[in-house]
S.K.: 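Take a look at this one; I'll ask things after.
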Amino acid sequence: MEAVNSSSSISELDDISRLLDRPRLNIERKRSFDERSFSEMGIFETVNSPGGRSGLETPVSSDRNSFEPHPMVAEAWDALRRSLVYLRGQPVGTVAAYDHASEEVLNYDQVFVRDFVPSALAFLMNGEPDIVKNFLLKTIQIQGREKKIDRFKLGEGAMPASFKILHDPIKKTDTVIADFGESAIGRVAPVESGFWWIVLLRAYTKSTGDTSLADTTECQKGMRLILSLCLSEGFDTFPTLLCADGCSMVDRRMGVYGYPIEIQALFFMALRSAMSMLKHDTEGKEFMERIVKRLHALSFHMRSYFWLDFQQLNDIYRYKTEEYSHTAVNKFNVIPDSIPEWVFDFMPLRGGYFIGNVSPARMDFRWFALGNCVAILGSLATPEQSAAIMDLIEERWEELVGEMPVKICHPAIESHEWRIVTGCDPKNTRWSYHNGGSWPVLLWLLTAACIKTGRPQIAKRAIDLTEARLLKDGWPEYYDGKSGRFIGKQARKFQTWSIAGYLVAKMLLEDPSHLGMISLEEDKQIKPVIKRSYSWTC
Ligand code: GLC
């Protein structure tokens with residue numbers, strides 16, 4: 001490893017942020033941390049390869065930048081390749097889990113759109129874009145089907161949660177069977193599938209430099225259909241997207257109905273990604289105008305009302321209620337007594353985050369990892385907010401990362417609240433699965449957020465934790481317990497996104513230039529919200 005003194009490390013960090021096409025790092029606030037970070041890890045010389053790599057063998061060796069290849073990397077690649085799904089001889093995706101020991105397959109033998117994202121990124125980073133292209137084309141073709149639940153027809157733009165291929169060895173045919181929510185437990189449509197699809201199309205385009213896929217009539221139309229669904233006008237008074245419970249990664253009833261952060265952050269990122277890929281023809285331009293307006297309103301709403309730090313919490317604690325008229329401070333009429341006890345202890349002086357949900361008289365103060373990391377990646381969070389989110393993760397490491405990265409949400413809901421909120425869901429008992437469980441797949445998002453905010457050392461620490469157990473435990477889907485020590489009650493083994501998430505995290509840390517494919521620089525046109533708040537001014 002190359003030793004770099006602290007002053008040169010700061011200027012090099014400036015260079016990195018420029019090369020990565022991202023906002024300048026807030027160096028003053030976390031200087032001591034950065035002094036130990038990129039420079040110690042010797043990853044400076046690799047940052048400017050906008051197109052990513054291509055044509056390299058698998059796995060790309062980790063001997064660049066003085067990294068020792070970890071034995072888990074080769075194992076992970078083997079396992080990832082075993083999960084591949086073929087359609088007429090071409091790879092089109094990866095199954096959710098390749099767990100032979102599990103008696104119950106349910107739908108884990110399917111290609112989930114959300115689950116395929118880390119697989120796709122791993123393949124792109126490894127210079128294997130074809131499978132990603134096949135997947136994007138196949139899923140957009142599936143979008144074109146008529147989708148019905150009982151007698152009710154879904155919007156044209158809806159994307160599947162998952163699909164599977166049925167091989168008929170006698171007739172020698174392959175049939176694609178898709179699920180838009182009509183078979184899913186709870187019958188919820190995956191609102192984020194379309195967003196992930198757009199984000200992935202941009203990742204493919206960025207990584208390969210090949211704009212021809214995004215330019216095809218199919219992809220342009222597919223994008224417009226997805227956008228039509230989420231930009232349509234109705235009774236909404238907020239720019240956020242109203243959703244049913246369980247419409248994303250948390251696909252069971254968990255009190256995430258309303259305006260969940262995961263959806264809003266992905267919505268924002270997908271809108272911005274679409275902006276960069278829509279053609280400037282009449283239809284494209286019309287959508288671009290609508291997107292610009294929505295982004296403007298959405299960023300204001302999220303940055304103002306979803307953001308919570310010590311100061312903001314104190315303000316809410318002192319809110320008056322029943323204020324009528326547009327001058328109201330407590331706009332949603334949140335009753336201070338509804339603030340849960342835990343949040344007063346949880347909120348550090350340094351740090352902040354986007355809370356889980358905001359709607360009339362309701363603030364869900366829970367922390368959700370995916371939404372906050374995506375908010376950093378899409379630059380929904382301002383640079384100051386991004387830094388504050390990372391501060392929070394550092395300050396509350398035991399709760400948010402614990403022994404197995406990364407906790408899906410914090411804290412768990414228990415007892416009476418669990419009965420009411422989950423409908424007595426035995427899979428989502430406290431500190432298990434979606435209810436405060438730890439999901440290795442989230443490692444890639446944490447790592448990407450760490451790199452974007454100039455804190456690779458945090459990612460390194462999380463990856464080290466993963467390397468101590470994940471392979472040995474057979475790549476579980478999730479872990480249970482307050483600090484994530486136990487393999488999840490019903491966790492699948494050889495869960496593909498746990499495997500791919502690890503690979504993506506490793507590759508991102510080794511070569512931060514990959515970040516460009518899943519990160520968007522701050523949009524200077526979107527004005528920051530000027531607000532008096534502790535963590536924004538320090
Ligand atoms: C579970 C998860 C969901 C995931 C699926 C396949 O249903 O809740 O997020 O996509 O498994 O892994």
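Whatever order the structure lists them in is the order used to number ligands and atoms, beginning at 1. From a predicted model like this one, the values you see are computed outputs, not experimental measurements.
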S.K.: Phe354 versus Val374: any side-chain heavy-atom pair under 4.5 Å?
M.R.: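 Contact flag for Phe354/Val374 side chains = no.
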S.K.: Decide side-chain contact (heavy atoms from CB on, under 4.5 Å) for Lys164 and Asp179; before the verdict, give the C-alpha distance in whole Å, the side-chain angles of both, and the deciding distance to 0.1 Å.
M.R.: CA-CA 9 Å; Lys164 69 174 171 190; Asp179 178 13; over 6 Å; no
S.K.: Cation-pi between Arg461 and Trp397: NZ/CZ under 6.0 Å from ring centre and within 45° of the ring axis?
M.R.: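 Geometry flag: set, cation within 6.0 Å and 45°.
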S.K.: Ignoring hydrogens and angles, tell me if any N or O in the side chain of Ser498 forms a donor-acceptor pair with the backbone of Phe494 under 3.5 Å.
M.R.: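 Absent.
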S.K.: Ligand 1: which residues have a non-hydrogen atom closer than 4.0 Å?
M.R.: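 Near ligand 1, by chain and number: Ala96, Tyr108, Phe112, Arg114, Asp115, Met249, Asp251, Tyr433, His434, Glu477, Gln495, Trp497.
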S.K.: Hey, do the aromatic rings of Phe135 and Tyr204 have their centres closer than 6.0 Å?
M.R.: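 When the ring centroids of Phe135 and Tyr204 are compared, they turn out to be at least 6.0 Å apart.
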S.K.: For the residue pair Tyr433 and Trp439, is the inter-centroid distance of their aromatic rings smaller than 6.0 Å?
M.R.: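 Tyr433 vs Trp439: aromatic centres under 6.0 Å.
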